[in-house]
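So that the names make sense, note that chain A is the first sequence line, chain B the second, and so on, each numbered from 1. Just so we're clear, the structure is a prediction, and the values are computed from it rather than from any experiment.
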Protein chains: 2
Amino acid sequence: MAIDFKHDILAPVAADFTAMDKFINEGISSKVALVMSVSKHVVEAGGKRMRPIMCLLAAQACGETDLARTQRLAAVIEMLHTATLVHDDVVDDSNLRRGKPTANATWNNQTAVLVGDFLIARSFDLLVDLNDMALLKEFSTGTCEIAEGEVLQLQAQHQPETSEETYLNIIYGKTSRLFQLATEGAAMLAGTPEYRDGLKRYAGHFGNAFQIIDDILDYTSDAEVLGKNIGDDLMEGKPTLPLIAALKNTTGATHDVIYKSIATGGLNDLEEVISIVQNSGALDYCRRRAHEETQSAIDGLNVLPESPAKKALYNLAMMALNRIQ
Amino acid sequence: MAIDFKHDILAPVAADFTAMDKFINEGISSKVALVMSVSKHVVEAGGKRMRPIMCLLAAQACGETDLARTQRLAAVIEMLHTATLVHDDVVDDSNLRRGKPTANATWNNQTAVLVGDFLIARSFDLLVDLNDMALLKEFSTGTCEIAEGEVLQLQAQHQPETSEETYLNIIYGKTSRLFQLATEGAAMLAGTPEYRDGLKRYAGHFGNAFQIIDDILDYTSDAEVLGKNIGDDLMEGKPTLPLIAALKNTTGATHDVIYKSIATGGLNDLEEVISIVQNSGALDYCRRRAHEETQSAIDGLNVLPESPAKKALYNLAMMALNRIQ
């Protein structure tokens, strides 16, 4: 079944979504002109705003009635996400994101680093205004873990011995942890702690699935359609799940090609690596893992009463999975 | 009078200072090995820990009795400071700080950006544990202003039309604001709001004086002794107060040399610029401004009852001023 983003996911929170944008625009306002233009640039280059939508849907699924508070939380989520993207683009020396020039490319690394810092600080500033100490603790600990995940990814670069467990720790930090903050945070704000664990489970496993799917797309030809370039991860010697699985499934010269590609990075052996990944059963394994993670995510939703928002969270997980069908 | 750092400034809080280091070491502990080794490297490369000492002294001057809380706040101050240094070194592409290799030089820019992010997040995490919402708001707003000041500095680079007012806004963000958080924060934690404004005044003006003095030293020969290189700011086209004052005091070809040097950066005209700065009365003006700011800082201390800690805060401001005597 084709899932329509606007109709099947966004619809229950479409109004909140517009209101949230107002909070984001307030959040990035600054008396320093350069701070504001860079922030505006990176926020507007944002994608579908999946993370704040997840937050708004989770809040609605919990029966939240104070919409302004949830909208503010969703704005914080998007700003934190944007801050990490701005710094990631510096770290990866990326010139383009979703086809648009990055902040480091449009201005320079210096500006991107400092405006990223501003966005982190401003996210906390908006969060403090929500006046919820438990929520603040969750976010301050969570953002530490996000940064640690990013550094772990850096540490694993060019390391062919990286285990699947380490890979899972990396994607937890770089993807799943913020998903959790978006949904758990909504349950905390809504005053429905009984839904917190279920939403955390949904978000954590959906984050894992989402990232595994993304990593699969780096080795399949449809990827170009979706704005990713085949081999981006390989280029940087990132030991993602398709490569880790390919190493497990191969021996001898075939195994060595993958091993060496991770160790050195670069695209010299790109075609051979893709062929090995595709023929070794590695992608099948990854697809199976993506399905398992998606199923665990959906199981997490069981605690919630039926609602259009709950259904939309389900649809969101299924839409991600459809990318590799 | 020669002021001895250990005897005249550190002494009242020497015991707290050791205890604070324990909090810093706890703060930078991480399950990710790379996070920990980089954090350890940059924290240990720290200088005299002037900011946390200021925080500990302010707390003692306010009569604070819960030493563990103040020590934790002081640790947060030092970690925030370290985070900005790590990012500054990326921004300025610096290889050395206080004679030791920077994080970006020892590892790389990527690692430095991400570990800086970790230190910011961890600072907030420790701060949240102090469980004081007003303090959190002050810090979250303050760190926004600090980032804004850094961007303003970047925006002013190569801009010879930069006004003294803009210069003051820059140094407020890059130096004075964190000084204020260190001392105002101590008064807030101590539960002595009556000392808050005085300490804010002390720290804000002392920060201004401290930075003006630092900028003077960039154009005087004693600077080499103090670990700064003459012309560092000029190299980067930074319109610091000595240059702004020199522009005001000169006309014609002399004026043009300074103007062009800011606009282009580099050290081609270094000797001529130094000579103009020294002979135009610009340094005299800067010294006068440093004295005025120091006097305002000291006036701020008037609200506090007499104590060794208050005297040490006074000594700290005087020691900074002695650098340009």
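- Distance OG/B/S37 to CD/A/Q155: 7.5 Å, rounded to 0.5 Å.
- Of the listed residues (A/V113, A/D125, A/V128), the greatest number of heavy-atom pairs within a distance under 4.5 Å of chain B belongs to A/D125.
- Heavy-atom pairs under 4.5 Å with chain B peak, among A/G149, A/G173, A/A147, at A/A147.
- Rounding to the nearest 0.5 Å gives a distance of 8.5 Å between CG of A/L114 and NE2 of B/H87.
- Contacts between A/A33 and chain B at a heavy-atom distance below 4.5 Å involve backbone atoms as well as side-chain atoms.
- Within the 4.5 Å cutoff, no side-chain heavy atoms of B/T143 are placed close to those of A/I120.
- Partner of A/Q110 under the side-chain contact (heavy atoms from CB on, under 4.5 Å) criterion, chosen from B/L154, B/D92, B/D93, B/V90: B/L154.
- Among the candidates B/T84, B/L127, B/L152, B/N108, the residue making the largest number of heavy-atom pairs closer than 4.5 Å to chain A is B/L152.
- Both the backbone and the side chain of B/N131 come within contact range of chain A, with heavy atoms under 4.5 Å apart.
- No other option in A/K31, A/E150, A/K137 has as many heavy-atom pairs under 4.5 Å with chain B as A/K137.
- Under the 30°/60° scheme for interplanar angles, the aromatic rings of B/F124 and A/F124 are found to lie parallel.
- When the candidates A/N109, A/I146, A/L119, A/D129 are compared by the number of heavy-atom contacts under 4.5 Å with chain B, A/D129 comes out ahead.
- Residue A/M133 places its CE atom among more than 12 non-hydrogen atoms of other residues, nucleotides or ligands, all under 6.0 Å distant.
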